[in-house]
Amino acid sequence: MSATISSVQMEAPVVDFLKAPKKLLIDGTWVEAASGKTFGTYNPATGEALATVAEGDAEDIDRAVKAARRAFDSGPWSRMTPSNRGQLIWRLADLLEQHLDEFAQIETLDNGKPFSVARVADVPLAVDLFRYMAGWATKVTGETIPLSTGGHFGYTLREPVGVVGQIIPWNFPLLMAAWKLGPALATGCTVVLKPAEQTPLSALRLGELIMEAGFPGGVVNIVPGFGETAGAALAAHPNVDKIAFTGSTEVGKLIVQAASGNLKKVSLELGGKSPNIVFRDADIDAAIAGSARAIFFNHGQCCTAGSRLLIEQSIFDQVVEGVAAEAKKIKVGPGLSPDTDMGPLVSEEQLSRVCGYLESGFAEGARAAAGGKKVNGPGYFVQPTVLTDTNPNMKVCREEIFGPVLVAIPFRDPEEVLSTANNSIYGLAAGIWTRDVGKAHLLASRLRAGTVWINCYNVFDAALPFGGYKQSGWGREMGREVLDLYTQVKSVCVAIN
Ligand code: ADP
C-alpha cells in the first residue's frame with residue numbers, strides 16, 4: 001500500500017504510522033494522556049493536518065518521571081553492564097538506519113525540510129551519533145588520585161547523573177532527539193524526552209524502535225506536549241536530576257528559573273546570530289557558495305545559521321552579488337518534491353515571525369539584493385533573502401531571525417571585523433573564509449564562539465564538541481565533553497594502613 005503526497009510516493013510504513021494513534025511512551029507502554037487531550041500536527045508545505053497526538057501535561061510528566069526514577073534506581077537498567085548498554089544503543093542505530101527513508105519522509109512531512117536533505121543529513125547524522133555514543137558506554141572512567149594525606153588511597157567514580165529531562169526543538173527533530181538520548185543512555189541515565197509540539201512524529205517513531213531494540217521499560221519515556229505545560233512541568237519537576245534543553249535563549253532563561261527549585265543540573269543549547277567572515281584573500285567562489293549554504297541550509301532554521309555575512313570592503317559587491325545569485329537559484333517547494341532545494345518554514349507562526357523581521361528591516365532602510373517576500377499560495381514559504389544597506393543597530397542585524405534571511409555588512413580590516421563579529425549577545429558559531437592560515441587561526445582564537453569553521457560551515461561530527469559562548473548556552477554536546485553533562489564525580493578515600 002502506498003499513497004501520494006505532493007507527487008512523491010509515500011513509504012507504506014509512513015502511511016500506516018500516520019494513521020495509527022500516537023500516544024505517550026511511559027514505562028515501556030504506549031498510553032493516552034491522563035487528560036485524554038490530543039493535539040494536531042500539520043504539514044507546513046500545505047497547512048493540512050498530518051496526525052493527532054496525545055497531549056501530555058504535568059500529570060503525564062509526573063507519571064513519566066516516576067517511571068524513569070524506578071528504572072534508574074532499581075530496574076534492570078541500573079544493573080546492566082556498560083557493554084550491554086552500548087550494544088543496545090548500537091542496535092538502535094542499526095534499526096534507525098534500516099528505516100532511513102521512512103524517517104526522512106516523516107521528518108519532511110512534519111518539519112518541511114527537503115526529503116533529499118533529511119535522507120543524507122538528519123537521519124545519517126542521528127545514526128552516527130548513536131554509534132559514536134555506543135562506543136563511549138564502556139569508556140566512562142574515574143581516576144586514581146595520588147593523595148598527600150599519608151595512609152590513604154583516593155580514586156574517583158564517574159556516575160550517571162540520574163533522571164534526565166530533555167526538551168528539544170522542531171528544527172532537527174530526530175537529530176536533536178539523538179544528540180540528547182545518545183549520551184544519556186551511554187552514561188546510564190534514564191530519560192523523559194519532550195519533543196517540540198510542532199514536530200513530535202519522528203521522536204514517537206523512534207520510541208517504537210527504542211522498544212524494539214530492547215531497552216527496558218522506563219529508561220526512555222517520550223511525552224509530547226506544549227512548552228508551557230509539559231515542558232515547564234519537566235523543567236520544574238523535583239525528582240528530575242538534570243534538564244537538557246535546546247531552543248530559544250528566551251525559553252532557556254525560563255528553564256533556568258524553573259530548574260532552580262531543586263537546583264537540578266542544567267545544560268542549554270540556545271540561539272545565535274553567527275558571523276560568517278569573508279576576506280578578500282579567500283577562494284571567492286568557494287566562499288560565496290559556502291556562505292549561501294551557511295544561511296540557507298535548513299531554511300535558516302539553524303541555531304548556527306551564518307546569518308551575519310561580514311565581507312571585506314573591496315569584494316563586498318562581488319560577494320553580495322554572488323550570494324544573491326545563489327539565493328535566486330534555490331528552488332523553493334514542498335520537501336517531498338525531488339527538485340526542491342528549500343521547503344517551507346515549520347509553521348504559520350514562524351512564517352509571520354520571519355516576515356515581521358523582513359518588514360522591520362525594510363522599514364529601517366535595508367534593501368533586498370535577493371528575495372524579501374513571502375511566497376504566495378498555501379504553505380509557509382518565504383523567499384531566500386539577502387539584505388544590504390544595513391547597520392549594526394538594526395533589529396535584523398542583532399536578533400536571531402531563524403529563517404532564510406542574511407544581512408551583509410562590509411568591513412575594512414581584521415580588528416574591525418573582530419569587534420563587529422563579537423558584538424552580539426550570542427556566541428554559538430562563526431565562519432572564516434581566507435587562504436591566510438595564520439590570520440585564520442589567530443581569528444579563530446579571538447572569536448567568542450563555541451565553534452569556528454574555517455573555509456567551511458555547518459560541518460557537524462559526533463566527535464566534535466558543540467555548544468555556545470555567552471547567551472548561546474551552557475555546556476558542550478557531542479564529543480567526549482558531553483559525558484560531563486550526564487555524569488557526576490564521586491571521590492572515594494580509603495584508609496590503607
Ligand atoms: P521556538 O521559539 O523556536 O519554537 P522554543 O524555545 O519556544 O523554540 O521551543 C523549544 C522547546 O522548548 C519546545 O519543545 C517547546 O515546547 C519547549 N518550551 C517552550 N516554552 C517552554 C517553557 N516555558 N518551559 C519548558 N519548555 C518550553
Side-chain angles (χ1 to χ4, degrees), residues 24 33 37 39-42 44 53-58 60-62 64-65 110-113 164-177 179-181 191-204 206 221-237 240 242-261 264 266-273 298-305 307 344-354 356-357 380 399-405 426 428 468 471-474 477:
L24 319 175
K37 283 205 269 183
F39 68 104
T41 62
Y42 298 88
V53 180
E55 181 188 328
D57 63 17
D60 306 292
I61 290 289
D62 190 53
V65 171
D110 214 10
N111 165 279
K113 63 182 69 200
V164 178
Q166 304 185 319
I167 300 176
I168 55 173
W170 46 257
N171 57 345
F172 293 90
L174 174 71
L175 187 58
M176 290 302 104
W179 278 27
K180 294 281 180 284
L181 291 171
V191 175
V192 177
L193 175 76
K194 194 205 82 66
E197 52 270 40
Q198 297 86 349
T199 55
L201 298 183
S202 55
L204 291 172
L206 185 68
N221 304 274
I222 303 179
V223 184
F226 289 88
E228 307 76 48
T229 50
L234 187 55
H237 201 290
V240 170
K242 173 202 161 57
I243 194 96
F245 171 77
T246 297
S248 61
T249 292
E250 192 189 343
V251 174
K253 291 177 183 176
L254 295 177
I255 300 281
V256 171
Q257 282 166 19
S260 70
K264 57 176 68 67
V266 178
S267 54
L268 303 169
E269 202 268 275
L270 307 174
K273 188 76 184 173
N298 214 41
H299 327 165
Q301 301 170 135
C302 282
C303 46
T304 53
S307 52
L345 300 182
V346 73
S347 62
E348 195 161 11
E349 188 189 351
Q350 191 60 16
L351 177 67
S352 59
R353 190 183 134 89
V354 171
Y357 273 109
Y380 314 131
E399 296 182 15
E400 181 175 46
I401 298 176
F402 226 63
V405 180
Y426 298 112
L428 193 58
Q471 293 188 37
S472 289
W474 290 352
E477 300 196 278

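Whatever order the structure lists them in is the order used to number ligands and atoms, beginning at 1. All values derive from a computational prediction rather than experimental measurement.
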Need the ligand 1 atom indices (1-based, order shown) with element for anything under 4.0 Å from a heavy-atom of [X].
{"X": "Ala196", "value": "14 (O)"}
{"X": "Gly231", "value": "24 (N), 25 (C), 26 (N)"}
{"X": "Leu254", "value": "23 (N)"}
{"X": "Ala232", "value": "24 (N), 25 (C)"}
{"X": "Ile168", "value": "11 (C), 13 (C), 14 (O)"}
{"X": "Trp170", "value": "1 (P), 3 (O), 4 (O)"}

For [atom], what is the closest protein heavy atom, and at what distance to 0.1 Å?
{"atom": "atom 7 (O) of ligand 1", "answer": "Val251 CG2, 3.6 Å"}
{"atom": "atom 18 (N) of ligand 1", "answer": "Gly227 CA, 3.3 Å"}
{"atom": "atom 5 (P) of ligand 1", "answer": "Ser248 OG, 3.7 Å"}
{"atom": "atom 15 (C) of ligand 1", "answer": "Glu197 OE1, 3.5 Å"}

Fill in: Flag: protein heavy atom within less than 4.0 Å of atom 24 (N) of ligand 1
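It does; a protein heavy atom is within 4.0 Å.
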For [X] versus [Y], what's the shortest heavy-atom pair and its separation?
{"X": "Thr41", "Y": "Glu197", "answer": "CG2-O, 4.1 Å"}
{"X": "Val223", "Y": "Lys194", "answer": "O-CG, 3.0 Å"}
{"X": "Ala54", "Y": "Phe39", "answer": "O-CE2, 3.6 Å"}

Practice prompt. Take Lys253 and Gln471 through the test side chain to side chain donor-acceptor pair (under 3.5 Å) and record every step on the way to the result.
Written response: CA-CA 9 Å; Lys253 291 177 183 176; Gln471 293 188 37; 3.0 Å; yes
Fill in: Structural part of Ala235 in contact with ligand 1, heavy atom criterion under 4.0 angstrom
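Under 4.0 Å from ligand 1, Ala235 contributes no heavy atoms.
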Discussion item. Please classify the Ile255 to ligand 1 contact at 4.0 Å (heavy-atom distances, strictly less than): side chain, backbone, both or neither.
Written reply: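 Under 4.0 Å from ligand 1, Ile255 contributes side-chain atoms alone.
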Practice prompt. Determine whether any heavy atom of Phe402 lies closer than 4.0 Å to an atom of ligand 1.
Written response: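 Not so, Phe402 does not reach ligand 1.
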Discussion item. Strictly distance-based, threshold 3.5 Å: is any side-chain N or O of His299 a donor or acceptor partner for the main-chain N or O of Lys113?
Written reply: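 Answer holds: no.
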Worksheet item: If you measure every N/O of Phe245 against every N/O of ligand 1, is any gap under 3.5 Å?
Response: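 No, no N or O pair falls under 3.5 Å.
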Worksheet item: For atom 10 (C) of ligand 1, which candidate among Ile243, Thr246, Ile167 provides the closest heavy atom?
Response: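 Minimum heavy-atom distance to atom 10 (C) of ligand 1 goes to Thr246.
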Discussion item. Let me confirm one number: the CG-CD1 distance from Leu174 to Ile168, rounded to the nearest 0.5 Å.
Written reply: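 These two atoms lie 8.5 Å from each other.
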Worksheet item: Listed by chain and number, what are the side-chain hydrogen bond (donor to acceptor under 3.5 Å, both in side chains) partners of Thr199, not counting sequence neighbours?
Response: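 Listed in chain order: nothing, the list is empty.
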Discussion item. If you apply the rule side chain to side chain contact (heavy atoms under 4.5 Å, CB included), what do you find for Gln350 with Gln198, and how did you get there?
Written reply: CA-CA 11 Å; Gln350 191 60 16; Gln198 297 86 349; over 6 Å; no
Worksheet item: Are Glu399 and Tyr357 linked by a side-chain donor-acceptor pair shorter than 3.5 Å?
Response: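 Yes.
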Item to complete: With sequence neighbours excluded, tell me which residues meet salt bridge (charged side-chain N to carboxylate O under 4.0 Å, His left out) with Lys264.
Response: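 None.
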